[in-house]
Amino acid sequence: MNLKKPLTVETIRLDLKGETKDAILAEMVDLLVASGHIRDRDAVLKAIMEREKRMSTGMQNGIAIPHGKTDSVDCLVAALGIKRGGVDFGALDGQPSNIFVMTVSPDSRTGPHIQFLAEISRPLNDAAVRTKLLAATSPDEVLHLLIG
Amino acid sequence: MFSSELQFIFQLGILIVFTRMGGHWLRRWLHLPGVLGELIVGMIIGPYALGQFHWPLIGKLFPLGASGSPVSPELYAFSTFASILLLFLSGLETDLSTFLRYSLAGTVVGIGGVVFSFFLGAGCAVWSGLAPGWLDPRALFLGAIATATSVGITARILSERRKMDSPEGVTILAAAVFDDVLGIIVLAIVVGTVRVESDLGVSWSHILWIAFKAFGFWIGATTLGLLLARRFSRMLKHFKSAPAIAALALGFALLLAGLSEMAGLAMIIGAYIMGLSLSRTDLVQVIQREIEGLHNVLVPVFFATMGMMVNFGVMLPQFKIGLVYALLAIVSKVGGCGLPALFCGFNRHGAVRIGVGMLPRGEVALIVAGIGLTSGAIGQDVFGIAILMTVATTLLGPILLSGSFENPAPGLRHPEDIAQSQTKTLFLTFPSPDMADFMASRIVRAFRQEEFYVYRLTPEERTYHIRKDDIFFILEYDGRDIRLTAPARYETLARLMVAEEMLTLRSMLHVAQANSELNTMEHSLIAELFGGPQDFKP
């Protein structure tokens, strides 16, 4: 699938400010709002939080993939954030999370959602890619690393 | 003596009842594919067997027509409709993205099988003296009948042996897609050629012209169909009701079938093109679901009607030629598909497995034979030979394929190819079969929501193929176990999909346990069963 469309330089932030899981999630939703893709910020945040309540999306090696479905978006939207020091995200391996990929897609329409998450996450399995991501100095560099 | 309408209704009723029962029993007792059971039932109750006898009250069940035709015009029209429906659904089930992108091995194996089968099939007619030359309709039809593989039977064996995701399994399924499309093109050319021949006599220039016309119609209609498919599906969606959408799609398939007949091709080609065009839209599942019931009733009648056309008296003298044709049909697929497989990284074991996997002929062979007989291009002798071959390959295919997997030796020549073709299987065991069943349906639903194309192999199999572009998963469930097989490259996607559904299950169980309303609902349903507070008044 085309990963370029949802993830753009406008929805990538290299220096997330939040120090808690909730703050990081809110900051990333704001990133989506600022890019003009979202109609109802609170509904999106609620969908993301509800999914987190079921089980944290903090995986291993500092990667977290918060996601949710709501009709407050018209199509799949995505954001990527980096928090170099990491925050406690309740990750599977108990380590702080520092690379966040957020995806929100419409609830009542069919289309890739998990597939996007899986494809954007695939390069992150490579430790070298993660190191380069954390050292990236521009959103373009991040896009180049993930999408080519 | 009944009126023709009443006789038709009786015939239809008998066909539906006996094909369903016969198909069911043969499948259950002899593990034969349903299509074979339906074909055999048709032979038994048809005009050349039990159907010719006088029965008390009703007289002859299936008498020969005035012109000696084995089925009445009404029944023939009905079975033509069933064949159009069958091919429309086949087109709808074709995964065109996979067809366009599929591996080199699938392409080469599919083309090899079609070319070998056509020439050996047609050659059999010439060498046995049934046809005076290669361009005789009998030779052309025996060639066309031999081409199309019925992959449903093979898929069942692969699924039973857990070999669906093996390099051989994936190649067979890929090759079968090519096989289908090429088989239809061959039929288009053969039907067109035969029609020209009967009008103008044999001439290479005419044959080339009709082949060009058939191919042109095929390419033109398919391209136009694919270009207009999204617009057409948007138009259908205006009707907002699934039954209306499915009925309209089927109506248009019939119209295109008619146009294709007018263009000098067979009706089923138009129906197949209509299905193929819609196969890339999101209406596939809606149409399939709505038409499935109609398909279940009508298609067995079609196979039984084909069985009814078998004239044993005419067929028996040609029995030897029939056996040779069946043998050549086996050799042509084993050789035609197996040899190219040897050049695509497979060793002897792999090549044999692919060859025998492509062996069974079924639905399309019967349709092509039926078109040949009713158009007068072939006689009942050639038709009988074609049926014999279909029965033989359908019976032998599963036995040989099972046997070829007895030896566990790998089918690929180089170990690095084996590593490349590796798949990952997620094994999940649930506390109960009910829960596994529920989870399988959730996973299927989740993939559909991601716009994957999911279809169940046959109603009897608990195996689903899940496809999108070049991604191909296999979901199988049995008892408490679920297995999801994914190419190693897409393991992350498989894991995430299943994990999300597991979370949903867990949260549903949690809510169900904590929710007192569910308890109240359950209690009130049971409490009011026998003598409780009665709200219901008759």
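In what follows, chains are A, B, ... by sequence order, proteins preceding strands, each numbered from 1.
The greatest number of non-hydrogen atom pairs below 4.5 Å with chain A, out of E450(B), H510(B), R506(B), R495(B), is found for E450(B).
Inspection of the E500(B) and H113(A) side chains reveals no N or O donor paired with an N or O acceptor under 3.5 Å.
The minimum heavy-atom distance between L493(B) and A118(A), with the atom names listed, is CA-CB, 3.5 Å.
Of the options R54(A), E50(A), K53(A), a side chain to side chain contact (heavy atoms under 4.5 Å, CB included) to S507(B) is made by R54(A) and by none of the others.
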Margin query: I'd like to know whether E451(B) forms a side-chain hydrogen bond (donor to acceptor under 3.5 Å, both in side chains) with T110(A), so could you lay out the CA-CA distance, the side-chain angles of the two residues, the decisive distance to 0.1 Å, and finally the verdict.
Written below: CA-CA 6 Å; E451(B) 291 183 345; T110(A) 58; 2.8 Å; yes
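The part of R122(A) that comes within reach of chain B is its side chain, from C-beta onward, which places non-hydrogen atoms under 4.5 angstrom from that chain. If you measure heavy-atom distances from F447(B) to chain A, you find no contacts under 4.5 Å at all.
Residues I114(A) and Q449(B) fail the side-chain proximity criterion, which asks for heavy atoms closer than 4.5 Å.
Interatomic distance, L496(B) CG to Q115(A) CD, rounded to the nearest 0.5 Å: 11.5 Å.
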